[in-house]
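Numbers restart at 1 for each chain; the letters A, B, ... are given by sequence-line order, proteins then strands.
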Protein chains: 2
Amino acid sequence: MGSDSNHLADLSVVKSVSLTSALEKELERLILTGELEPGERINEIHLSNRFGTSRGPIREATRSLEAKGLVEVVRNRGVFVRRLSVEDAVEIYDVRAALFGQAGRLLAERMTDGLLGQLTRMVDEMDAVAERGSFDDYYPLNLSFHNLIVGSCGNRTLQAEYHRFVNKLHLFRARALVQGGGLAVSNREHRAMLEALASGDGDRAQMTHWRHVALAKRRLIAAVDGAASRID
Amino acid sequence: MGSDSNHLADLSVVKSVSLTSALEKELERLILTGELEPGERINEIHLSNRFGTSRGPIREATRSLEAKGLVEVVRNRGVFVRRLSVEDAVEIYDVRAALFGQAGRLLAERMTDGLLGQLTRMVDEMDAVAERGSFDDYYPLNLSFHNLIVGSCGNRTLQAEYHRFVNKLHLFRARALVQGGGLAVSNREHRAMLEALASGDGDRAQMTHWRHVALAKRRLIAAVDGAASRID
DNA sequence: CGATTCCTGATTGTCTACAATCGACGGATG
DNA sequence: CATCCGTCGATTGTAGACAATCAGGAATCG
(Lines give C-alpha, C1' and ligand atoms only; values in the text may rest on other atoms or scores of the structure.)
Protein backbone atom coordinates (compact mmCIF):
# COMPACT_ATOMS: atom_id res chain seq x y z
CA MET A 1 0.00 0.00 0.00
CA GLY A 2 2.96 2.29 0.34
CA SER A 3 3.11 2.89 -3.37
CA ASP A 4 -0.34 4.39 -3.24
CA SER A 5 0.66 7.37 -1.17
CA ASN A 6 3.45 7.94 -3.68
CA HIS A 7 0.69 8.10 -6.22
CA LEU A 8 -0.89 11.03 -4.44
CA ALA A 9 2.47 12.71 -3.79
CA ASP A 10 3.09 12.75 -7.52
CA LEU A 11 -0.22 14.44 -8.07
CA SER A 12 0.29 17.16 -5.51
CA VAL A 13 3.66 18.09 -6.99
CA VAL A 14 1.69 19.49 -9.90
CA LYS A 15 0.36 22.51 -8.11
CA SER A 16 -2.46 23.14 -10.57
CA VAL A 17 -4.42 20.42 -8.79
CA SER A 18 -5.89 21.01 -5.36
CA LEU A 19 -5.37 18.47 -2.60
CA THR A 20 -9.09 17.87 -2.54
CA SER A 21 -9.20 16.98 -6.23
CA ALA A 22 -6.14 14.74 -5.98
CA LEU A 23 -7.59 12.96 -2.98
CA GLU A 24 -10.89 12.47 -4.72
CA LYS A 25 -9.24 10.88 -7.71
CA GLU A 26 -7.16 8.61 -5.52
CA LEU A 27 -10.10 7.56 -3.38
CA GLU A 28 -12.11 6.86 -6.50
CA ARG A 29 -9.27 4.70 -7.79
CA LEU A 30 -9.06 2.80 -4.52
CA ILE A 31 -12.79 2.15 -4.68
CA LEU A 32 -12.98 1.16 -8.33
CA THR A 33 -10.02 -1.23 -8.06
CA GLY A 34 -11.64 -2.82 -5.02
CA GLU A 35 -8.83 -1.89 -2.61
CA LEU A 36 -11.53 -0.12 -0.64
CA GLU A 37 -14.29 -2.67 -0.61
CA PRO A 38 -18.08 -2.16 -0.63
CA GLY A 39 -19.29 -1.59 2.91
CA GLU A 40 -15.80 -0.63 4.08
CA ARG A 41 -15.48 2.45 6.24
CA ILE A 42 -13.31 5.33 5.12
CA ASN A 43 -11.46 6.59 8.20
CA GLU A 44 -10.53 10.25 7.89
CA ILE A 45 -7.70 10.17 10.40
CA HIS A 46 -6.08 7.09 8.89
CA LEU A 47 -6.28 8.59 5.43
CA SER A 48 -4.97 11.95 6.53
CA ASN A 49 -2.00 10.19 8.16
CA ARG A 50 -1.49 8.01 5.12
CA PHE A 51 -1.51 10.88 2.66
CA GLY A 52 0.06 13.49 4.93
CA THR A 53 -2.82 15.97 4.69
CA SER A 54 -5.34 17.41 7.07
CA ARG A 55 -8.86 16.02 7.28
CA GLY A 56 -10.53 18.99 5.56
CA PRO A 57 -9.73 18.05 1.96
CA ILE A 58 -10.63 14.44 2.67
CA ARG A 59 -14.03 15.50 3.91
CA GLU A 60 -14.54 17.63 0.82
CA ALA A 61 -13.53 14.76 -1.45
CA THR A 62 -15.89 12.31 0.18
CA ARG A 63 -18.82 14.71 -0.24
CA SER A 64 -18.16 14.72 -3.94
CA LEU A 65 -17.86 10.95 -4.08
CA GLU A 66 -21.18 10.73 -2.25
CA ALA A 67 -22.88 12.81 -4.92
CA LYS A 68 -21.35 10.48 -7.50
CA GLY A 69 -22.94 7.52 -5.75
CA LEU A 70 -19.68 5.76 -4.85
CA VAL A 71 -19.90 6.22 -1.08
CA GLU A 72 -22.52 6.85 1.58
CA VAL A 73 -21.95 9.50 4.24
CA VAL A 74 -23.67 8.64 7.54
CA ARG A 75 -23.75 11.54 10.01
CA ASN A 76 -21.56 10.99 13.08
CA ARG A 77 -20.73 7.48 11.92
CA GLY A 78 -18.53 7.96 8.91
CA VAL A 79 -18.20 7.37 5.21
CA PHE A 80 -18.77 3.91 3.77
CA VAL A 81 -18.02 2.56 0.34
CA ARG A 82 -21.41 1.96 -1.17
CA ARG A 83 -22.70 -1.58 -1.26
CA LEU A 84 -24.85 -2.51 -4.24
CA SER A 85 -27.64 -5.01 -3.97
CA VAL A 86 -28.82 -7.03 -6.94
CA GLU A 87 -31.83 -4.72 -7.13
CA ASP A 88 -29.54 -1.69 -7.23
CA ALA A 89 -27.47 -3.29 -9.98
CA VAL A 90 -30.57 -4.08 -12.01
CA GLU A 91 -31.75 -0.47 -11.74
CA ILE A 92 -28.36 0.76 -12.86
CA TYR A 93 -28.43 -1.60 -15.83
CA ASP A 94 -31.73 -0.08 -16.93
CA VAL A 95 -30.29 3.42 -16.83
CA ARG A 96 -27.18 2.26 -18.60
CA ALA A 97 -29.26 0.58 -21.31
CA ALA A 98 -31.15 3.80 -21.95
CA LEU A 99 -27.95 5.84 -22.18
CA PHE A 100 -26.18 3.31 -24.38
CA GLY A 101 -29.18 3.16 -26.69
CA GLN A 102 -29.13 6.93 -27.04
CA ALA A 103 -25.38 6.83 -27.73
CA GLY A 104 -26.03 4.29 -30.50
CA ARG A 105 -28.67 6.53 -32.07
CA LEU A 106 -26.46 9.61 -31.99
CA LEU A 107 -23.52 7.68 -33.43
CA ALA A 108 -25.58 6.12 -36.24
CA GLU A 109 -26.52 9.62 -37.33
CA ARG A 110 -22.86 10.75 -37.54
CA MET A 111 -21.03 7.57 -38.54
CA THR A 112 -17.89 7.71 -40.69
CA ASP A 113 -16.24 5.01 -42.80
CA GLY A 114 -13.09 5.18 -40.70
CA LEU A 115 -14.89 4.67 -37.45
CA LEU A 116 -17.06 1.91 -38.86
CA GLY A 117 -13.91 0.11 -40.02
CA GLN A 118 -12.38 0.46 -36.58
CA LEU A 119 -15.44 -0.88 -34.83
CA THR A 120 -15.65 -3.76 -37.32
CA ARG A 121 -12.04 -4.77 -36.67
CA MET A 122 -12.77 -4.78 -32.95
CA VAL A 123 -15.78 -7.05 -33.37
CA ASP A 124 -13.73 -9.38 -35.61
CA GLU A 125 -11.04 -9.54 -32.96
CA MET A 126 -13.61 -10.30 -30.30
CA ASP A 127 -14.91 -13.16 -32.46
CA ALA A 128 -11.42 -14.67 -32.55
CA VAL A 129 -10.99 -14.30 -28.80
CA ALA A 130 -14.45 -15.71 -28.12
CA GLU A 131 -13.58 -18.82 -30.11
CA ARG A 132 -10.73 -19.44 -27.72
CA GLY A 133 -13.17 -18.90 -24.86
CA SER A 134 -10.85 -16.47 -23.15
CA PHE A 135 -12.89 -14.14 -20.96
CA ASP A 136 -9.85 -12.32 -19.63
CA ASP A 137 -8.90 -11.34 -23.17
CA TYR A 138 -12.47 -10.61 -24.24
CA TYR A 139 -13.42 -8.29 -21.39
CA PRO A 140 -10.99 -5.43 -22.12
CA LEU A 141 -11.84 -5.59 -25.84
CA ASN A 142 -15.52 -5.47 -25.01
CA LEU A 143 -14.89 -2.48 -22.76
CA SER A 144 -12.92 -0.66 -25.47
CA PHE A 145 -15.66 -1.33 -28.01
CA HIS A 146 -18.33 0.13 -25.75
CA ASN A 147 -16.14 3.09 -24.83
CA LEU A 148 -15.43 3.88 -28.47
CA ILE A 149 -19.13 3.93 -29.27
CA VAL A 150 -20.03 6.18 -26.36
CA GLY A 151 -16.92 8.31 -26.84
CA SER A 152 -17.80 8.93 -30.49
CA CYS A 153 -21.47 9.80 -30.07
CA GLY A 154 -20.71 13.53 -29.81
CA ASN A 155 -22.53 14.18 -26.55
CA ARG A 156 -20.09 14.78 -23.69
CA THR A 157 -22.84 14.93 -21.09
CA LEU A 158 -24.08 11.52 -22.16
CA GLN A 159 -20.53 10.16 -22.20
CA ALA A 160 -19.75 11.37 -18.70
CA GLU A 161 -23.04 10.08 -17.38
CA TYR A 162 -22.59 6.67 -18.98
CA HIS A 163 -19.17 6.27 -17.42
CA ARG A 164 -20.47 7.28 -14.01
CA PHE A 165 -22.91 4.41 -14.19
CA VAL A 166 -20.34 1.96 -15.47
CA ASN A 167 -18.13 3.01 -12.55
CA LYS A 168 -20.94 2.43 -10.11
CA LEU A 169 -21.34 -1.09 -11.39
CA HIS A 170 -17.77 -1.74 -10.25
CA LEU A 171 -19.24 -1.72 -6.76
CA PHE A 172 -21.21 -4.80 -7.63
CA ARG A 173 -18.70 -7.46 -6.67
CA ALA A 174 -20.01 -10.17 -8.91
CA ARG A 175 -17.95 -9.83 -12.04
CA ALA A 176 -17.77 -13.59 -12.45
CA LEU A 177 -21.52 -13.57 -12.92
CA VAL A 178 -21.28 -11.33 -15.95
CA GLN A 179 -19.97 -14.15 -18.11
CA GLY A 180 -23.38 -15.70 -18.43
CA GLY A 181 -24.59 -16.43 -21.91
CA GLY A 182 -21.18 -16.95 -23.41
CA LEU A 183 -18.88 -14.68 -25.34
CA ALA A 184 -20.15 -15.67 -28.78
CA VAL A 185 -23.69 -14.62 -27.85
CA SER A 186 -22.46 -11.26 -26.64
CA ASN A 187 -20.51 -10.66 -29.82
CA ARG A 188 -23.46 -11.56 -32.01
CA GLU A 189 -25.23 -8.67 -30.36
CA HIS A 190 -22.23 -6.51 -31.16
CA ARG A 191 -22.63 -7.44 -34.82
CA ALA A 192 -26.28 -6.44 -34.82
CA MET A 193 -25.27 -3.10 -33.33
CA LEU A 194 -22.61 -2.71 -36.02
CA GLU A 195 -25.08 -3.35 -38.81
CA ALA A 196 -27.49 -0.83 -37.36
CA LEU A 197 -24.72 1.75 -37.08
CA ALA A 198 -23.71 1.08 -40.68
CA SER A 199 -27.28 1.55 -41.84
CA GLY A 200 -27.44 5.06 -40.36
CA ASP A 201 -30.87 4.20 -38.97
CA GLY A 202 -31.12 5.93 -35.59
CA ASP A 203 -34.18 4.01 -34.44
CA ARG A 204 -32.57 0.69 -35.23
CA ALA A 205 -29.27 1.62 -33.63
CA GLN A 206 -30.97 2.78 -30.45
CA MET A 207 -32.92 -0.47 -30.24
CA THR A 208 -29.94 -2.79 -30.87
CA HIS A 209 -27.72 -0.93 -28.41
CA TRP A 210 -30.44 -0.76 -25.78
CA ARG A 211 -31.19 -4.46 -26.26
CA HIS A 212 -27.54 -5.46 -25.87
CA VAL A 213 -27.39 -3.98 -22.35
CA ALA A 214 -30.92 -5.16 -21.51
CA LEU A 215 -29.93 -8.72 -22.43
CA ALA A 216 -26.77 -8.39 -20.35
CA LYS A 217 -29.05 -7.42 -17.48
CA ARG A 218 -31.13 -10.51 -18.06
CA ARG A 219 -28.05 -12.69 -18.12
CA LEU A 220 -26.99 -11.15 -14.83
CA ILE A 221 -30.35 -11.84 -13.24
CA ALA A 222 -30.30 -15.43 -14.52
CA ALA A 223 -26.79 -15.88 -13.19
CA VAL A 224 -27.75 -14.49 -9.78
CA ASP A 225 -30.77 -16.82 -9.63
CA GLY A 226 -28.56 -19.70 -10.71
CA ALA A 227 -26.00 -18.88 -8.05
CA ALA A 228 -28.71 -18.65 -5.39
CA SER A 229 -30.12 -22.03 -6.43
CA ARG A 230 -26.68 -23.58 -6.17
CA ILE A 231 -26.33 -22.31 -2.63
CA ASP A 232 -29.68 -23.71 -1.51
CA MET B 1 -33.19 37.72 1.55
CA GLY B 2 -33.40 37.73 5.31
CA SER B 3 -36.12 35.12 5.31
CA ASP B 4 -33.77 32.68 3.64
CA SER B 5 -31.40 32.42 6.56
CA ASN B 6 -34.44 31.64 8.69
CA HIS B 7 -34.98 28.80 6.29
CA LEU B 8 -31.61 27.30 7.20
CA ALA B 9 -32.07 28.00 10.91
CA ASP B 10 -35.22 25.92 10.86
CA LEU B 11 -33.30 23.07 9.30
CA SER B 12 -30.46 23.12 11.81
CA VAL B 13 -32.85 22.95 14.74
CA VAL B 14 -33.51 19.40 13.69
CA LYS B 15 -30.19 18.00 14.80
CA SER B 16 -30.43 14.86 12.69
CA VAL B 17 -29.27 16.93 9.71
CA SER B 18 -25.68 18.05 9.45
CA LEU B 19 -24.89 21.67 8.67
CA THR B 20 -23.29 20.56 5.45
CA SER B 21 -26.43 18.79 4.28
CA ALA B 22 -28.67 21.70 5.25
CA LEU B 23 -26.40 24.15 3.47
CA GLU B 24 -26.33 22.01 0.38
CA LYS B 25 -30.09 21.87 0.21
CA GLU B 26 -30.38 25.61 0.71
CA LEU B 27 -27.74 26.42 -1.89
CA GLU B 28 -29.44 24.09 -4.33
CA ARG B 29 -32.73 25.88 -3.69
CA LEU B 30 -31.11 29.27 -4.22
CA ILE B 31 -29.68 28.06 -7.52
CA LEU B 32 -32.80 26.35 -8.81
CA THR B 33 -35.03 29.32 -8.00
CA GLY B 34 -32.58 31.61 -9.77
CA GLU B 35 -31.71 33.68 -6.69
CA LEU B 36 -28.16 32.61 -7.37
CA GLU B 37 -27.86 33.16 -11.07
CA PRO B 38 -25.80 31.24 -13.66
CA GLY B 39 -22.26 32.58 -13.71
CA GLU B 40 -22.66 34.13 -10.26
CA ARG B 41 -19.86 33.57 -7.76
CA ILE B 42 -20.59 31.86 -4.48
CA ASN B 43 -18.61 33.73 -1.81
CA GLU B 44 -17.77 31.50 1.15
CA ILE B 45 -17.27 34.31 3.65
CA HIS B 46 -20.48 36.08 2.74
CA LEU B 47 -22.42 32.84 2.99
CA SER B 48 -20.81 31.86 6.28
CA ASN B 49 -21.76 35.28 7.68
CA ARG B 50 -25.25 35.02 6.26
CA PHE B 51 -25.94 31.57 7.66
CA GLY B 52 -23.87 31.93 10.83
CA THR B 53 -21.61 28.94 10.13
CA SER B 54 -17.95 28.44 9.45
CA ARG B 55 -16.65 28.01 5.92
CA GLY B 56 -15.91 24.30 6.24
CA PRO B 57 -19.45 22.98 5.74
CA ILE B 58 -19.96 25.44 2.90
CA ARG B 59 -16.91 24.10 1.12
CA GLU B 60 -18.14 20.55 1.62
CA ALA B 61 -21.57 21.44 0.27
CA THR B 62 -20.18 23.09 -2.84
CA ARG B 63 -18.07 20.01 -3.63
CA SER B 64 -21.22 17.97 -3.67
CA LEU B 65 -23.05 20.50 -5.82
CA GLU B 66 -20.14 20.41 -8.22
CA ALA B 67 -20.46 16.66 -8.64
CA LYS B 68 -24.16 17.21 -9.29
CA GLY B 69 -23.29 19.61 -12.08
CA LEU B 70 -24.94 22.68 -10.57
CA VAL B 71 -21.75 24.66 -9.90
CA GLU B 72 -18.16 24.82 -11.11
CA VAL B 73 -15.28 24.96 -8.63
CA VAL B 74 -12.29 26.88 -10.01
CA ARG B 75 -9.15 26.47 -7.89
CA ASN B 76 -8.09 29.64 -6.08
CA ARG B 77 -10.84 31.60 -7.80
CA GLY B 78 -14.04 30.33 -6.29
CA VAL B 79 -17.27 28.54 -6.95
CA PHE B 80 -19.55 29.69 -9.76
CA VAL B 81 -23.12 28.73 -10.52
CA ARG B 82 -22.87 26.77 -13.71
CA ARG B 83 -23.79 28.53 -16.92
CA LEU B 84 -25.43 26.38 -19.61
CA SER B 85 -24.90 27.05 -23.25
CA VAL B 86 -27.43 26.02 -25.87
CA GLU B 87 -25.13 23.14 -26.75
CA ASP B 88 -25.08 22.02 -23.11
CA ALA B 89 -28.86 22.21 -22.95
CA VAL B 90 -29.22 20.17 -26.12
CA GLU B 91 -26.93 17.49 -24.71
CA ILE B 92 -28.94 17.38 -21.53
CA TYR B 93 -32.15 17.04 -23.50
CA ASP B 94 -30.74 13.97 -25.24
CA VAL B 95 -29.92 12.33 -21.93
CA ARG B 96 -33.28 13.28 -20.54
CA ALA B 97 -35.03 11.83 -23.59
CA ALA B 98 -33.25 8.52 -23.11
CA LEU B 99 -34.15 8.36 -19.44
CA PHE B 100 -37.77 9.39 -20.02
CA GLY B 101 -38.11 6.79 -22.76
CA GLN B 102 -36.83 4.11 -20.41
CA ALA B 103 -39.26 5.29 -17.71
CA GLY B 104 -42.10 4.94 -20.21
CA ARG B 105 -41.06 1.40 -21.06
CA LEU B 106 -40.82 0.33 -17.45
CA LEU B 107 -44.18 1.92 -16.63
CA ALA B 108 -45.94 0.32 -19.61
CA GLU B 109 -44.84 -3.04 -18.29
CA ARG B 110 -46.34 -2.41 -14.83
CA MET B 111 -49.35 -0.18 -15.59
CA THR B 112 -52.48 -0.33 -13.45
CA ASP B 113 -56.04 0.81 -14.19
CA GLY B 114 -55.93 3.32 -11.35
CA LEU B 115 -52.77 4.94 -12.55
CA LEU B 116 -53.91 4.98 -16.15
CA GLY B 117 -57.10 6.73 -15.07
CA GLN B 118 -55.10 9.31 -13.15
CA LEU B 119 -52.80 10.01 -16.06
CA THR B 120 -55.79 10.26 -18.41
CA ARG B 121 -57.49 12.84 -16.21
CA MET B 122 -54.32 14.87 -16.20
CA VAL B 123 -54.10 14.86 -19.97
CA ASP B 124 -57.78 15.81 -20.22
CA GLU B 125 -57.15 18.71 -17.88
CA MET B 126 -54.18 19.82 -19.91
CA ASP B 127 -56.37 19.80 -23.01
CA ALA B 128 -58.79 22.17 -21.32
CA VAL B 129 -55.99 24.47 -20.19
CA ALA B 130 -54.33 24.38 -23.60
CA GLU B 131 -57.58 25.54 -25.22
CA ARG B 132 -57.42 28.63 -23.04
CA GLY B 133 -53.83 29.07 -24.16
CA SER B 134 -52.66 29.53 -20.58
CA PHE B 135 -49.00 28.51 -20.34
CA ASP B 136 -48.76 29.44 -16.68
CA ASP B 137 -51.52 26.95 -15.87
CA TYR B 138 -50.25 24.31 -18.30
CA TYR B 139 -46.65 24.18 -17.12
CA PRO B 140 -47.22 22.83 -13.58
CA LEU B 141 -49.71 20.26 -14.91
CA ASN B 142 -47.18 19.18 -17.51
CA LEU B 143 -44.54 18.89 -14.80
CA SER B 144 -46.82 16.80 -12.58
CA PHE B 145 -47.67 14.53 -15.48
CA HIS B 146 -44.03 13.88 -16.24
CA ASN B 147 -43.17 13.40 -12.58
CA LEU B 148 -45.98 10.89 -12.10
CA ILE B 149 -44.71 8.83 -15.01
CA VAL B 150 -41.12 8.81 -13.84
CA GLY B 151 -42.15 8.39 -10.21
CA SER B 152 -44.24 5.34 -11.04
CA CYS B 153 -41.73 3.49 -13.20
CA GLY B 154 -40.36 1.52 -10.25
CA ASN B 155 -36.70 2.39 -10.74
CA ARG B 156 -35.45 4.79 -8.05
CA THR B 157 -32.07 5.19 -9.67
CA LEU B 158 -33.68 6.26 -12.92
CA GLN B 159 -36.02 8.60 -11.07
CA ALA B 160 -33.22 10.31 -9.17
CA GLU B 161 -31.15 10.64 -12.30
CA TYR B 162 -34.00 12.05 -14.34
CA HIS B 163 -34.65 14.72 -11.74
CA ARG B 164 -30.99 15.63 -11.61
CA PHE B 165 -31.14 16.43 -15.30
CA VAL B 166 -34.40 18.29 -15.04
CA ASN B 167 -32.81 20.35 -12.27
CA LYS B 168 -29.79 21.09 -14.40
CA LEU B 169 -32.04 22.46 -17.09
CA HIS B 170 -33.16 25.10 -14.59
CA LEU B 171 -29.76 26.63 -15.19
CA PHE B 172 -30.76 27.29 -18.76
CA ARG B 173 -32.34 30.67 -18.36
CA ALA B 174 -34.53 30.51 -21.42
CA ARG B 175 -37.79 29.19 -20.14
CA ALA B 176 -39.78 31.48 -22.38
CA LEU B 177 -38.29 29.61 -25.31
CA VAL B 178 -39.81 26.34 -24.19
CA GLN B 179 -43.28 27.40 -25.26
CA GLY B 180 -42.51 26.78 -28.89
CA GLY B 181 -44.86 24.57 -30.79
CA GLY B 182 -47.90 25.38 -28.74
CA LEU B 183 -49.60 23.62 -25.90
CA ALA B 184 -51.98 21.60 -28.03
CA VAL B 185 -49.08 20.03 -29.90
CA SER B 186 -47.39 19.09 -26.67
CA ASN B 187 -50.53 17.50 -25.30
CA ARG B 188 -51.10 15.50 -28.46
CA GLU B 189 -47.77 13.89 -27.76
CA HIS B 190 -48.98 13.20 -24.22
CA ARG B 191 -51.95 11.35 -25.68
CA ALA B 192 -49.72 9.18 -27.84
CA MET B 193 -47.72 8.35 -24.72
CA LEU B 194 -50.91 7.50 -22.86
CA GLU B 195 -52.07 5.15 -25.58
CA ALA B 196 -48.74 3.39 -25.61
CA LEU B 197 -48.84 3.03 -21.83
CA ALA B 198 -52.36 1.63 -22.05
CA SER B 199 -51.27 -0.91 -24.66
CA GLY B 200 -48.61 -2.35 -22.34
CA ASP B 201 -46.20 -2.33 -25.27
CA GLY B 202 -42.77 -1.45 -23.84
CA ASP B 203 -41.19 -0.74 -27.21
CA ARG B 204 -43.96 1.61 -28.20
CA ALA B 205 -44.00 3.39 -24.86
CA GLN B 206 -40.25 3.93 -24.92
CA MET B 207 -40.45 5.39 -28.39
CA THR B 208 -43.38 7.75 -27.70
CA HIS B 209 -41.84 9.00 -24.46
CA TRP B 210 -38.42 9.41 -26.03
CA ARG B 211 -39.94 11.23 -28.99
CA HIS B 212 -41.86 13.65 -26.77
CA VAL B 213 -38.64 14.95 -25.21
CA ALA B 214 -36.76 14.78 -28.50
CA LEU B 215 -39.41 16.96 -30.12
CA ALA B 216 -39.25 19.37 -27.19
CA LYS B 217 -35.52 19.59 -27.89
CA ARG B 218 -36.23 20.39 -31.50
CA ARG B 219 -38.71 23.06 -30.52
CA LEU B 220 -36.07 24.55 -28.23
CA ILE B 221 -33.50 24.61 -31.00
CA ALA B 222 -35.98 26.20 -33.38
CA ALA B 223 -36.89 28.79 -30.80
CA VAL B 224 -33.23 29.60 -30.15
CA ASP B 225 -32.61 29.98 -33.87
CA GLY B 226 -35.73 32.12 -34.16
CA ALA B 227 -34.63 34.33 -31.29
CA ALA B 228 -31.17 34.72 -32.83
CA SER B 229 -32.69 35.72 -36.17
CA ARG B 230 -34.84 38.32 -34.49
CA ILE B 231 -31.78 39.84 -32.89
CA ASP B 232 -29.87 40.06 -36.14
C1' DC C 1 -25.14 -16.65 32.96
C1' DG C 2 -27.48 -13.42 30.15
C1' DA C 3 -29.18 -8.81 29.75
C1' DT C 4 -28.64 -4.07 30.72
C1' DT C 5 -26.17 0.03 31.77
C1' DC C 6 -22.23 2.90 32.01
C1' DC C 7 -17.76 4.61 30.72
C1' DT C 8 -14.13 5.64 27.65
C1' DG C 9 -11.49 5.97 23.54
C1' DA C 10 -11.93 6.75 18.73
C1' DT C 11 -13.94 9.31 15.36
C1' DT C 12 -16.67 12.84 13.23
C1' DG C 13 -18.41 17.79 12.72
C1' DT C 14 -17.28 22.32 13.06
C1' DC C 15 -14.58 26.34 14.02
C1' DT C 16 -10.51 29.36 13.96
C1' DA C 17 -6.18 30.80 12.27
C1' DC C 18 -2.54 31.07 8.95
C1' DA C 19 -0.52 30.94 4.37
C1' DA C 20 -1.12 31.21 -0.57
C1' DT C 21 -3.33 33.09 -4.56
C1' DC C 22 -5.72 36.26 -7.38
C1' DG C 23 -7.62 40.43 -9.24
C1' DA C 24 -8.16 45.27 -9.06
C1' DC C 25 -6.14 49.57 -8.76
C1' DG C 26 -2.75 53.07 -8.86
C1' DG C 27 1.67 54.73 -10.20
C1' DA C 28 5.61 54.65 -13.27
C1' DT C 29 7.42 54.34 -17.84
C1' DG C 30 7.77 54.61 -22.80
C1' DC D 1 -2.26 57.78 -23.86
C1' DA D 2 -1.30 52.95 -23.50
C1' DT D 3 1.13 49.42 -21.22
C1' DC D 4 3.47 47.30 -17.53
C1' DC D 5 4.58 46.46 -12.80
C1' DG D 6 3.98 46.48 -7.91
C1' DT D 7 1.03 46.58 -3.95
C1' DC D 8 -2.75 45.40 -1.22
C1' DG D 9 -7.12 43.73 0.17
C1' DA D 10 -10.27 39.98 -0.47
C1' DT D 11 -10.77 35.36 -0.90
C1' DT D 12 -9.58 30.55 -1.13
C1' DG D 13 -7.05 26.24 0.55
C1' DT D 14 -5.47 23.89 4.30
C1' DA D 15 -3.97 22.69 9.05
C1' DG D 16 -4.86 22.16 13.74
C1' DA D 17 -7.87 22.50 17.84
C1' DC D 18 -12.08 21.74 20.35
C1' DA D 19 -16.66 19.85 21.18
C1' DA D 20 -20.07 16.32 20.19
C1' DT D 21 -21.29 11.65 19.13
C1' DC D 22 -21.05 6.77 18.79
C1' DA D 23 -19.70 2.00 19.40
C1' DG D 24 -17.41 -1.40 21.97
C1' DG D 25 -16.00 -3.32 26.16
C1' DA D 26 -16.36 -3.71 31.05
C1' DA D 27 -19.11 -3.61 35.14
C1' DT D 28 -23.42 -4.35 37.36
C1' DC D 29 -27.92 -6.29 38.03
C1' DG D 30 -31.52 -9.78 37.97
Side-chain angles (χ1 to χ4, degrees), chain A residues 5 7-28 30-31 36-37 39-67 70-83, chain B residues 5 7-28 30-31 36-37 39-67 70-83:
Chain A
S5 50
H7 210 83
L8 181 60
D10 289 343
L11 288 179
S12 9
V13 164
V14 185
K15 271 304 181 190
S16 59
V17 178
S18 68
L19 265 187
T20 296
S21 297
L23 283 167
E24 185 184 337
K25 271 187 168 33
E26 181 62 10
L27 282 176
E28 186 166 332
L30 292 173
I31 290 168
L36 287 177
E37 301 202 328
E40 187 169 346
R41 181 172 173 168
I42 291 172
N43 183 309
E44 297 175 3
I45 297 181
H46 289 176
L47 281 185
S48 70
N49 289 338
R50 175 174 168 177
F51 295 128
T53 71
S54 72
R55 294 194 290 118
I58 289 167
R59 297 184 57 80
E60 287 179 27
T62 54
R63 284 293 178 172
S64 183
L65 291 175
E66 182 191 30
L70 293 179
V71 302
E72 302 182 56
V73 176
V74 183
R75 176 169 162 81
N76 287 329
R77 292 195 44 220
V79 180
F80 301 84
V81 180
R82 188 171 164 209
R83 211 194 298 261
Chain B
S5 50
H7 211 83
L8 181 60
D10 289 342
L11 289 178
S12 358
V13 165
V14 185
K15 270 304 177 189
S16 59
V17 178
S18 67
L19 265 188
T20 296
S21 297
L23 283 167
E24 185 183 337
K25 271 191 169 32
E26 181 62 10
L27 282 175
E28 186 166 331
L30 291 174
I31 290 168
L36 287 176
E37 302 201 327
E40 188 170 342
R41 180 172 172 167
I42 292 173
N43 183 309
E44 296 175 6
I45 297 181
H46 289 175
L47 281 185
S48 70
N49 289 337
R50 174 174 169 177
F51 294 129
T53 70
S54 72
R55 293 193 292 117
I58 289 168
R59 296 184 58 81
E60 287 179 31
T62 54
R63 285 293 177 172
S64 182
L65 291 175
E66 182 188 32
L70 293 179
V71 301
E72 301 183 57
V73 176
V74 183
R75 177 169 162 83
N76 286 329
R77 292 195 42 223
V79 180
F80 301 84
V81 180
R82 187 169 164 208
R83 212 194 297 261

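Atom CD in A:E60 sits about 9 Å away from atom C1' in D:dT14, given to the nearest Å. Rounded to whole Å, atom C1' of C:dC22 lies 14 Å from atom CD1 of B:I45. In this structure, CD1 of A:I58 is placed 17 Å from P of D:dG13, rounded to the nearest angstrom. The interatomic distance linking B:N76 (CG) with C:dT21 (P) rounds to 7 Å, in whole Å. Following rounding to the nearest Å, B:L47 (CG) and D:dT11 (C1') show an atom-to-atom distance of 13 Å. Rounded to an integer number of Å, the gap from CG of A:L19 to P of C:dA19 is 17 Å. Counting to the nearest Å, the P atom of C:dT14 and the CZ atom of B:F51 are 15 Å from each other. Atom CG in B:N49 sits about 13 Å away from atom P in D:dA10, given to the nearest Å.
Contact check, B:H46 against D:dT11: a side-chain N or O comes under 4.0 Å of OP1 or OP2. Proximity of A:S54 to the phosphate of D:dA15: a side-chain N or O atom is located under 4.0 Å from OP1 or OP2. One finds a side-chain N or O of A:T20 lying less than 4.0 angstrom from the OP1 or OP2 phosphate oxygen of D:dT14. When the side-chain nitrogen and oxygen atoms of A:R59 are compared with OP1 and OP2 of C:dG13, one or more of them lie within a distance under 4.0 Å. In this structure, B:N43 reaches the D:dT11 phosphate: one of its side-chain N or O atoms is under 4.0 Å from OP1 or OP2.
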Steps toward salt bridge (Lys or Arg N to Asp or Glu O under 4.0 Å) verdict (A:R63, A:E60):
CA-CA 5 Å; A:R63 284 293 178 172; A:E60 287 179 27; over 6 Å; no
Trace of the side-chain contact (heavy atoms from CB on, under 4.5 Å) decision for A:L36 with A:V71:
CA-CA 11 Å; A:L36 287 177; A:V71 302; over 6 Å; no
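Within the 4.0 angstrom heavy-atom criterion, only backbone atoms of the sugar-phosphate kind lie near A:I42; the bases stay farther away.
Only one option out of A:L27, A:L23, A:V73 pairs with A:L65 in a side-chain contact (heavy atoms from CB on, under 4.5 Å); it is A:L27.
For B:R41 (side chain) and B:R77 (main-chain N/O), a donor-acceptor pair under 3.5 Å exists by modelled atom type.
Interatomic distance, CD of B:E44 versus CG of B:L47, reported as 8.5 Å (0.5 Å rounding).
Of the candidates C:dT21, D:dA23, C:dA17, D:dA23 carries the atom nearest the A:R77 side chain, counting heavy atoms from C-beta on. Of the candidates C:dT11, C:dT14, C:dA17, the closest approach to any side-chain atom of B:R55 belongs to C:dA17. For A:P57, counting side-chain heavy atoms from C-beta on, the closest listed nucleotide (D:dT12, D:dT14, D:dC22) is D:dT14.
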